[in-house]
Amino acid sequence: MEHTRAGFTGWIRTTWMGYTQRVPEHVRERFIETFVDQYLMEHGGNEDRVSVTMTRLDVVTAKSE
């Protein structure tokens with residue numbers, strides 16, 4: 001998946017809401033910005049291109065009788 005920095009920041013803000021909501025609201029945006037800065041330093045990228053490797057797991061279940 002590829003994003004711009006702004007798109008990546010929005011993706012973190014929404015997709016990871018279950019985690020970021022645990023950060024106090026008055027510091028949440030700074031936390032997200034710091035996370036994005038650190039991610040870019042460690043994984044490369046810039047304002048125009050941020051790459052994220054993801055794994056998607058699909059599970060199908062069936063009720064046995």
Could you list who else is in M41's hydrophobic cluster, with ILVMFWY side chains joined at under 4.5 Å, directly or through other members?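 Direct or chained contacts put M41 with none.
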Reported CD-to-CD distance for the pair Q21 and E25, which is rounded to 0.5 angstrom: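 Those atoms lie 9.5 Å apart.
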What distance do R49 atom CZ and T4 atom OG1 have between them, rounded to the nearest 0.5 Å?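 Reported to 0.5 Å precision, the distance equals 12.5 Å.
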Starting from the C-alpha separation in whole Å, work towards a yes-or-no answer on side-chain contact (heavy atoms from CB on, under 4.5 Å) for V50 and L40. CA-CA 7 Å; V50 179; L40 291 176; 3.5 Å; yes
Check against side-chain contact (heavy atoms from CB on, under 4.5 Å), W11 and V52: CA-CA 11 Å; W11 182 72; V52 178; 4.1 Å; yes
T34: partners by side-chain hydrogen bond (donor to acceptor under 3.5 Å, both in side chains), with sequence neighbours left out: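 T34: no side-chain hydrogen bond (donor to acceptor under 3.5 Å, both in side chains) contacts found.
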List the residues meeting side-chain hydrogen bond (donor to acceptor under 3.5 Å, both in side chains) with E42, not counting sequence neighbours, and say none if there are none.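 Applying side-chain hydrogen bond (donor to acceptor under 3.5 Å, both in side chains) to E42 gives Q38.
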Any ring-ring contact (aromatic ring centres under 6.0 Å, His included) pairs touching [range], not counting sequence neighbours?
| range | value |
| --- | --- |
| residues 41-65 | Y39-H43 |
| residues 45-65 | none |
| residues 46-65 | none |

Going by the rule salt bridge (Lys or Arg N to Asp or Glu O under 4.0 Å), which residues pair with R28 if we only count those two or more places apart in sequence or in a different chain?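 Per chain and number, R28 pairs via salt bridge (Lys or Arg N to Asp or Glu O under 4.0 Å) with no residue.
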Who are the side-chain contact (heavy atoms from CB on, under 4.5 Å) partners of E29, not counting sequence neighbours?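 Listed in chain order: R13, I32.
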Suppose we screen for side-chain contact (heavy atoms from CB on, under 4.5 Å). Which residues come up paired with V60, at least two apart in sequence or across chains?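 Residues passing side-chain contact (heavy atoms from CB on, under 4.5 Å) with V60: none at all.
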State yes or no: do V27 and I12 share one hydrophobic cluster built from I, L, V, M, F, W and Y residues joined by side-chain heavy-atom distances below 4.5 Å, directly or via other members?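 Yes; tracing contacts between hydrophobic side chains, which count when under 4.5 Å, links both residues.
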Side chain to side chain, R5 and D37, heavy atoms closer than 4.5 Å: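 In short, these two side chains touch, coming nearer than 4.5 Å.
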In terms of the angle between their ring planes, are W16 and Y19 parallel, tilted or perpendicular, with boundaries placed at 30° and 60°?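 Correct class here is tilted.
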